[in-house]
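Some notes on the structure that comes next.
Naming: A, B, ... by sequence-line order, numbering from 1 per chain.
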There are 2 protein chains.
Amino acid sequence: MNVSAAAPSSIGNEDLVGRRVLLVDDDPTVAEVASSYLRASGFVVEEAGDGFTALQDAERLAPDLIVLDRMLPGIDGLEVFRRLRERMSTPVILLTALGSEDDRIAGLAAGADDYLAKPFSPRELVLRVQSVLRRSIGEFTPESVLECGEFRLDPSARIATRAGVELSLTVREFDLFEFLLKHPNQVFSREDLLRTVWGWTYGDLSTVTVHVRRLREKIERDPRSPAMLTTVWGVGYRFSMGGVPDAVV
Amino acid sequence: MNVSAAAPSSIGNEDLVGRRVLLVDDDPTVAEVASSYLRASGFVVEEAGDGFTALQDAERLAPDLIVLDRMLPGIDGLEVFRRLRERMSTPVILLTALGSEDDRIAGLAAGADDYLAKPFSPRELVLRVQSVLRRSIGEFTPESVLECGEFRLDPSARIATRAGVELSLTVREFDLFEFLLKHPNQVFSREDLLRTVWGWTYGDLSTVTVHVRRLREKIERDPRSPAMLTTVWGVGYRFSMGGVPDAVV
DNA sequence: GCAAGTCTTACAGAACGCGAACGGTTGGCC
DNA sequence: GGCCAACCGTTCGCGTTCTGTAAGACTTGC
């Protein structure tokens with residue numbers, strides 16, 4: 001397997017110290033907890049309680065990253081997001097309420113860098129902030145193309161092909177496939193996948209099962225007996241390229 | 001397959017050994033059971049019976065993680081949690097007597113890192129503690145591959161091979177084999193194994209016996225007369241590689 | 001030869017994964 | 001607007017796999 005992504009992740013979390021994060025949430029409790037965690041991790045945090053202030057602060061402070069709640073008083077979070085994107089390319093992490101309709105798809109289509117479903121563990125937020133920042137700093141190219149065997153996946157264009165033929169993957173399927181391609185030869189539990197790919201902190205694990213099944217239907221030659229996206233009984237799933245594995249390594 | 005990953009910064013449960021956990025619960029029975037399980041998994045456990053002591057100990061001991069009961073005499077658990085957050089960002093797992101799924105959401109919404117409803121299985125607690133700690137250290141960094149003679153065991157991929165041929169091990173068998181490979185030439189009693197591999201403090205020791213047998217069936221050339229996974233009569237089991245064993249020892 | 005420890009086998013319950021199908025929502029198209 | 005297709009998350013039933021335990025045969029040390 002030749003994952004050409006090769007993000008040379010020589011960027012430690014130390015290099016993120018002092019980066020400015022703008023936190024936009026109208027719930028004081030959430031804002032307080034989240035910001036204290038972010039500060040503890042070395043970030044400089046500014047808070048905004050509504051969309052209008054957020055837009056002003058974004059311009060004034062020029063933060064390195066913005067954490068944006070989708071539900072805001074006044075201007076809607078998504079609207080704020082669109083206006084932000086018109087003016088600057090600052091990375092944005094969207095917070096979505098799982099209970100209500102999930103506009104995660106809309107947010108993602110609009111180009112959010114990551115999303116997290118409420119309620120989330122504050123530590124999870126820190127991890128995502130670090131991850132997105134590391135990515136945006138390290139490579140100026142937003143996302144490099146993943147290549148693996150006959151598969152080719154372009155995260156920016158959201159196009160996945162097998163042997164040149166485009167696979168019509170849905171949003172979820174694409175996200176799932178992207179994550180697996182980025183971490184080949186590693187087993188992930190359904191919970192892991194639900195947390196990282198879906199951005200959920202809790203939820204029905206069978207959701208993962210079903211989507212894995214649907215993804216198999218599209219990428220496996222014989223979906224009945226998967227060769228690449230295999231089940232590890234009692235643990236989870238693993239993606240690895242077939243034939244001769246890394247015995248040479 | 002040319003995954004250049006191989007960054008051997010493993011974060012298996014081994015690396016969690018010695019981490020300090022502060023356990024806050026007013027029920028002595030619960031505290032005793034929970035702490036004995038946590039200790040058995042290698043954690044250093046301190047206990048506190050009320051909120052005030054908890055706050056003091058949290059400052060004094062600077063634990064790596066805090067398990068906090070929501071119902072406490074004196075200061076309420078949630079209040080303790082809020083005061084903790086003001087001063088430090090130590091991961092917190094909340095416990096509550098009321099056991100519905102909604103409470104988990106409430107706990108997470110309050111900013112806890114994880115949440116567990118009473119009555120909980122002590123094993124579950126250990127798993128959660130490990131999970132949260134591992135996550136706070138850094139996620140999905142592949143563990144280093146164990147190699148021993150013709151055996152090769154990849155903890156992240158959950159693949160074990162002998163001379164390149166994959167051994168289909170079950171979860172338990174894999175865990176057991178992994179532990180033994182990490183501690184070769186060392187004798188472990190059935191109780192040791194039950195504690196470390198299974199995470200149990202009590203239980204039927206024959207469980208270990210049977211699993212050792214099953215493992216032998218898969219890794220030994222002649223399971224009838226084991227050469228590597230040998231029995232030390234009256235003591236337990238030892239894994240050592242073939243050829244000239246420890247006759248010198 | 002005896003007792004304690006170990007091995008082997010068998011079994012039933014539990015856990016798990018899979019497939020199929022369903023209702024709900026969204027977004028496009030007439 | 002209203003119909004239709006696509007997608008998503010959930011649920012249920014079924015077959016499979018795994019696991020712990022019990023019971024008997026066997027081995028070891030004394």
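- Of the candidate nucleotides D:dT19, C:dA15, C:dT8, C:dT8 has the atom lying nearest to any side-chain atom of B:R224.
- Sorted by first then second residue, the salt bridge (charged side-chain N to carboxylate O under 4.0 Å, His left out) pairs that include residues 106-116 of chain B, not counting sequence neighbours, are A:R123-B:D113, B:R85-B:D113, B:R104-B:D114, B:D114-B:R128.
- Note on A:E150 versus A:R221: salt bridge recorded, some NZ/NE/NH1/NH2 to OD/OE distance being below 4.0 Å.
- At D:dG20, one or more side-chain N or O atoms of B:W198 fall inside 4.0 Å of OP1 or OP2 (strictly under the cut-off).
- Residue B:E173 contributes atom CD, which lies 6 Å from atom P of D:dT19 at whole-angstrom precision.
- Straight-line distance from the CG atom of B:D204 to the P atom of C:dC7: 15 Å, rounded to whole Å.
- Of the residues in residues 207-222 of chain B, B:T207, B:V210, B:H211, B:R214 come within less than 4.0 Å of DNA chain D through at least one heavy atom, sorted by number.
- Of the listed nucleotides (C:dC7, D:dG29, D:dG9), C:dC7 has the atom at the smallest distance from the side chain of B:Y237.
- Evaluation of the salt bridge (Lys or Arg N to Asp or Glu O under 4.0 Å) rule for B:D25 yields B:K118 as partners, not counting sequence neighbours.
- In this structure, A:R82 does not pair ionically with A:E86, as no charged nitrogen and carboxylate oxygen lie closer than 4.0 Å.
- Between the CH2 atom of A:W233 and the P atom of C:dA14 there is a distance of 14 Å, rounded to whole Å.
- A:S131 places no side-chain N or O within donor-acceptor distance of the main-chain N or O of A:L127, the cut-off being under 3.5 Å.
- B:L205 places its CG atom 17 Å from the C1' atom of D:dA23, with the value rounded to the nearest Å.
- With respect to B:R195 and B:E191, no salt bridge is recorded, no charged nitrogen being found less than 4.0 Å from a carboxylate O.
- OP1 or OP2 of C:dC18 sits under 4.0 Å from a side-chain N or O of A:T231.
- For A:F151 and A:F177, the distance between ring centers is under 6.0 angstrom.
- For A:S206 and C:dG17, the shortest distance from a side-chain N or O to OP1 or OP2 is not below 4.0 Å.
- Comparing D:dG9, C:dC7, C:dG17 by their closest approach to the side chain of A:W200 singles out D:dG9.
- In this structure, A:R190 places its CZ atom 15 Å from P of C:dA15, rounding to the nearest Å.
- One can place CG of B:L194 at 13 Å from C1' of D:dT21, the figure rounded to the nearest angstrom.
- Proximity of A:T170 to the phosphate of D:dA6: no side-chain N or O atom is located under 4.0 Å from OP1 or OP2.
- Taking atom CG of A:L193 as the reference point, atom P of C:dG17 lies 12 Å away to the nearest angstrom.
- To the nearest angstrom, C1' of C:dG17 lies 16 Å from CZ of A:R238.
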